[in-house]
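Structure first, then comments.
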Protein chains: 2
Amino acid sequence: MSRATLSRDAIVDTTIRLIREHGADALTMRGLGQALGTDPTAVYRHFRDKAELLRAVSERLLGTVTIGLPDGHEWRPAVVELCRRLRRALLEQPRLATALQFGPPLQPSEFAITEELLRRFCAAGLDIGAAALAYHSVIELTVGSAAIDAAMHSMSDRERSQQYTRWRSVYAALDPAEYPETVAASAAMYRGTAEDRFVHALGRLLDGLVPTR
Amino acid sequence: MSRATLSRDAIVDTTIRLIREHGADALTMRGLGQALGTDPTAVYRHFRDKAELLRAVSERLLGTVTIGLPDGHEWRPAVVELCRRLRRALLEQPRLATALQFGPPLQPSEFAITEELLRRFCAAGLDIGAAALAYHSVIELTVGSAAIDAAMHSMSDRERSQQYTRWRSVYAALDPAEYPETVAASAAMYRGTAEDRFVHALGRLLDGLVPTR
DNA sequence: ACGATGTCGTCAACACTGTTGACAACGGCG
DNA sequence: CGCCGTTGTCAACAGTGTTGACGACATCGT
């Protein structure tokens, strides 16, 4: 049992790996210690508590969102791509959605995301106030899509499609007298991937936010 | 120490009260038992586990969403009002957002919400497939707005506005060279109430979802 | 070169969580 | 009356995040 030496980066690495493999809820300090090959409490030499560790994890995940974005003067593909990436990052860590509201020790990567979105909306012709509103709107949609899809995200493609099918059949089996539209729409519910549905919703939201004069 | 007799309804009542007073995270079975004046484990005679109790809580909260909705042939005010109510219900129990994805023992009140939204979208002239997409879009936005606002919701009005102000000053204090738009928009960020911002976003989303031919 | 200093992994323990099984008091039924 | 199922009580278990004392190690100043 060699005395492995840790670092913040190494801890964040295996934390993300564990979350990817077993889900965020299954992340435990003891399990983390075992995966690191050290005593669980060794992590506390590098992070004050679990919350700070998770903040570092979110910072790592959010850091990849804004890099290498398409840089043309077309605002819309850039916004869509940024939101897709943000959604994927949020999906990796469901609690991250609520952790966004932790008050003014904000993460640098969050500032980068905010700046990028505001810049694109201004480039689209919105004044600064409308850009701020658009920013809030887009973030809310993205967070919501990630939150709803979070539970399904840990399943395999096969399981997920099975789940969607089961879902649809539940809708289809409702009493047509009480839920006529739901029964009629059952085949169309949860169609395609969750990301497809999100991109569609985002497109309609952008249509409404940036009127094509 | 009189042997108080419980019921599912009474347990759900005080559970909601505790969540309202101390937040959902602070809800513990021992605390619940104390508030009920019984042994904590007595709750397990009425609910299999904490998850089932929370499902009953969400069913109770979601049940109020669809009742007494404005019933004219104008679809838009009805959709907005329903989403506002849904958002408020979700705010009361943050975990409820993710709990929505718990698979086919769905709650009756969820079906009622789905049916109502689909009906209104069909009344707005959408075909059934577009109505399903609109349903998903609107739900995602509502859940996201609730999730983001959840942390602030437990604070008093005074605390909340202080928090918003602090937030804005953090944005304003950023390096203008690196984050020009954010600094410029700082005064416009988090303006008004969170519900105002949500209603605005929902309006723009509906504009995009239901084109005015 | 060597002792001091501070970093960092280890171990035991604490307070807390949800949950279970044995026990007993109670009320309704034959 | 006597039985029995319902339901509150109690002790206990496994698991969680976290803390403080301990000790090995590397680094640094003289």
Side-chain angles (χ1 to χ4, degrees), chain A residues 1-59 93-96 98-99 102-103 105 151 154, chain B residues 1-59 93-96 98-99 102-103 105 151 154:
Chain A
M1 209 38 66
S2 72
R3 210 181 162 86
T5 86
L6 301 177
S7 70
R8 285 179 69 101
D9 277 344
I11 295 176
V12 169
D13 282 344
T14 76
T15 302
I16 290 179
R17 183 172 61 82
L18 287 184
I19 289 180
R20 285 213 170 102
E21 288 174 2
H22 308 107
D25 288 344
L27 178 71
T28 170
M29 299 303 272
R30 286 174 172 81
L32 177 58
Q34 188 170 351
L36 287 167
T38 68
D39 189 275
T41 61
V43 176
Y44 287 89
R45 297 291 169 194
H46 303 266
F47 298 92
R48 177 167 333 192
D49 51 18
K50 192 179 184 182
E52 186 188 320
L53 168 60
L54 290 183
R55 254 180 285 144
V57 167
S58 75
E59 175 63 14
Q93 191 192 348
R95 299 196 74 86
L96 193 147
T98 69
F102 254 52
S154 61
Chain B
M1 209 34 71
S2 73
R3 209 181 163 84
T5 86
L6 300 176
S7 70
R8 286 179 67 101
D9 278 344
I11 295 175
V12 169
D13 282 343
T14 75
T15 303
I16 291 179
R17 183 172 61 82
L18 287 184
I19 289 180
R20 285 213 171 101
E21 288 175 0
H22 309 109
D25 288 343
L27 177 71
T28 170
M29 299 303 272
R30 287 174 171 80
L32 177 57
Q34 189 169 351
L36 287 166
T38 69
D39 189 275
T41 62
V43 175
Y44 288 88
R45 298 292 171 192
H46 304 266
F47 298 92
R48 178 166 331 191
D49 51 18
K50 192 179 184 180
E52 187 188 320
L53 169 59
L54 290 183
R55 254 180 285 144
V57 167
S58 74
E59 176 63 14
Q93 191 192 350
R95 299 195 74 84
L96 193 147
T98 70
F102 253 52
S154 62

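Quick caveat: nothing in here was measured; it's all calculated off a predicted structure. We name chains A, B, ... by the order of the sequence lines, and we start the count at 1 in each one.
- Comparing D:dG8, C:dG9, C:dG18 by their closest approach to the side chain of A:Leu6 singles out C:dG9.
- If you check every strand for non-hydrogen atoms under 4.0 Å, A:Leu27 touches sugar and phosphate atoms only.
- Comparing A:Ala42 and B:Ala26 by the nucleotide of DNA chain C whose heavy atom lies nearest to each, the residue mapping closer to the 5' end is A:Ala42.
- The two residues B:Met29 and B:Pro40 come nearest to each other via the heavy atoms O-CB, 3.6 Å.
- Summarising the geometry, the separation between OH on B:Tyr44 and P on C:dT17 is reported as 11 Å, rounded to the nearest angstrom.
- Nearest heavy atom pair, residue B:Gly31 against residue B:Leu18, reads O-CD1, 4.1 Å.
- Checking the phosphate oxygens (OP1, OP2) of D:dG8, no side-chain nitrogen or oxygen of B:Thr38 falls inside 4.0 Å.
- The nearest pair of heavy atoms linking B:Ala10 to B:Leu36 is O-CD2, 4.3 Å.
- Rounded to whole Å, atom C1' of C:dG18 lies 13 Å from atom CG of B:Asp39.
- Atom C1' of nucleotide C:dA15 and atom CZ of B:Arg30 are separated by 10 Å, given to the nearest angstrom.
- Proximity of residues 8-17 of chain A to DNA chain C (heavy atom under 4.0 angstrom from any strand atom) is not detected for any residue.
- Both A:Thr41 and B:His46 lie near DNA chain D, and the one whose nearest nucleotide falls closer to the 5' end is B:His46.
- Minimum interatomic distance between B:Phe47 and B:Leu53 (heavy atoms only, all atoms of both residues): CD2-CA, 3.7 Å.
- Distances shorter than 4.0 Å separate some side-chain N or O of B:Thr28 from OP1 or OP2 on C:dG18.
- Comparing A:Arg45 and B:Pro40, the nucleotide of DNA chain D nearest to each residue sits closer to the 5' end for B:Pro40.
- In this structure, B:Met29 atom CE and D:dT9 atom C1' are separated by 15 Å, rounded to whole Å.
- In this structure, B:Leu54 places its CG atom 15 Å from P of C:dT17, rounding to the nearest Å.
- Taking atom CD on B:Glu52 and atom C1' on C:dT19, their separation rounds to 14 Å, with Å as the unit.
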Worksheet item: Checking side chain to side chain contact (heavy atoms under 4.5 Å, CB included) for the pair A:Leu6/A:His46: CA distance, chi angles, key distance, verdict?
Response: CA-CA 8 Å; A:Leu6 301 177; A:His46 303 266; 3.6 Å; yes
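- Between B:Lys50 and B:Leu27, the closest heavy-atom pair is NZ-O, 2.9 Å.
- When rounded to the nearest whole Å, the span between CG of B:Asp25 and C1' of D:dT16 equals 15 Å.
- A 6.0 Å sphere centred on CD of A:Glu52 holds more than 12 heavy atoms belonging to other residues, nucleotides or ligands.
- The distance from atom CG of A:Asp49 to atom P of D:dT18 is 5 Å, rounded to the nearest whole Å.
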